[in-house]
Amino acid sequence: MELQANYGLFRSNDIQIIAVSVDDVSDVGEMVTHAKATYPVLADPTQQTAKDYGVFNLLDDEVAAPATFIIDSDGIIRWLHIGRDAADRPTVEGLLQVLGLLQL
């Protein structure tokens, strides 16, 4: 919800948010509706993307660990955060700081 509330700020700085879920397409659709997400949310029901990024089953729970990646326009991962649980995610303020859009 915090990402959605600040989505315009990210887009005005030419930053695209993309969420990836290991759920199937219908479950992802329900999540998008619930979160009122206007950013792209992709379904990864085979967990291939999660496996490719090395975040599948890190917590021995057969799902992707909560992870945030900042990837540049050349496809290079510039920063990442892998959470210990679903609530362990960076704040929007923290992401803006990492992106150099917020000075503390």
Side-chain angles (χ1 to χ4, degrees):
M1 302 280 188
E2 188 181 12
L3 283 177
Q4 180 57 50
N6 292 279
Y7 184 52
L9 176 61
F10 284 99
R11 292 304 299 142
S12 69
N13 284 282
D14 202 27
I15 297 166
Q16 178 61 57
I17 295 171
I18 300 172
V20 180
S21 172
V22 295
D23 295 317
D24 64 33
V25 173
S26 63
D27 288 340
V28 168
E30 289 177 24
M31 181 187 75
V32 167
T33 300
H34 173 74
K36 297 181 175 117
T38 58
Y39 51 84
V41 181
L42 308 177
D44 182 27
T46 65
Q47 301 92 25
Q48 190 59 55
T49 302
K51 291 172 184 172
D52 288 347
Y53 279 87
V55 297
F56 184 75
N57 200 33
L58 289 181
L59 305 175
D60 293 321
D61 55 5
E62 294 297 316
V63 296
T68 303
F69 294 85
I70 294 178
I71 303 171
D72 70 15
S73 59
D74 294 322
I76 298 169
I77 297 171
R78 296 296 179 179
W79 182 87
L80 66 99
H81 172 86
I82 298 174
R84 295 178 301 277
D85 56 46
D88 183 11
R89 298 179 187 271
T91 64
V92 166
E93 182 178 89
L95 291 172
L96 292 172
Q97 187 175 8
V98 168
L99 292 164
L101 300 173
L102 179 67
Q103 305 295 321
L104 292 182

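The shown structure was predicted, so the numbers you read here are calculated from the model rather than taken from an experiment.
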Checklist entry - Out of curiosity, D24 CG to E30 CD, how far, rounded to the nearest 0.5 Å? => result 8.5 Å
Item to check | Residue pairs, two or more places apart or on separate chains, that pass salt bridge (Lys or Arg N to Asp or Glu O under 4.0 Å) and touch residues 44-56 | outcome: none
Item to check | Set of side chain to side chain donor-acceptor pair (under 3.5 Å) partners for R78, sequence neighbours left out | outcome: D72
Item to check | Smallest separation among heavy atoms of A37 and Q4, with atom names | outcome: CA-OE1, 3.1 Å
Contacts table for residues 12-21: side-chain donor-acceptor under 3.5 angstrom, sequence neighbours left out:
residue : atom : partner : partner atom : Å
S12     : OG   : G8      : O            : 3.3
S12     : OG   : L9      : O            : 2.8
N13     : ND2  : L9      : O            : 2.9
Q16     : OE1  : R11     : NH1          : 3.4
Q16     : NE2  : Y7      : OH           : 2.9
S21     : OG   : D23     : N            : 3.1
S21     : OG   : D23     : OD2          : 2.9

Item to check | In one Ile/Leu/Val/Met/Phe/Trp/Tyr side-chain cluster, 4.5 Å: F10, V98 | outcome: yes
Item to check | Point-to-point distance, once rounded to the nearest 0.5 Å, from CZ of F69 to CD1 of I82 | outcome: 5.5 Å
Item to check | 4.5 Å side-chain heavy-atom contact, T49 and F56 | outcome: no
Item to check | same_hphob_cluster(L3, V32) at 4.5 Å side-chain heavy-atom cutoff | outcome: yes
Item to check | Cluster overlap I71 with L95, hydrophobic side-chain contacts below 4.5 Å | outcome: no
Item to check | Nearest atoms (heavy-atom pairs only) where E2 meets T91 | outcome: OE1-CA, 4.0 Å
Checklist outcome for this item: T68 and P90 have their tightest heavy-atom pair at OG1-CD, 3.5 Å
Checklist outcome for this item: Nearest heavy-atom contact between D85 and P66 is O-CG, 2.9 Å
Next on the checklist: I need the minimum non-hydrogen distance between V22 and A64, along with the two atoms involved.
Outcome noted: CG1-CB, 3.9 Å
Checklist entry - Is it true that L58 and Y53 fall in one hydrophobic cluster, defined by side-chain heavy atoms closer than 4.5 Å? => result yes
Item to check | Distance (rounded to the nearest 0.5 Å) between N6 CG and E93 CD | outcome: 10.0 Å
Item to check | L80 reachable from L42 in the ILVMFWY side-chain graph, under 4.5 Å edges | outcome: no
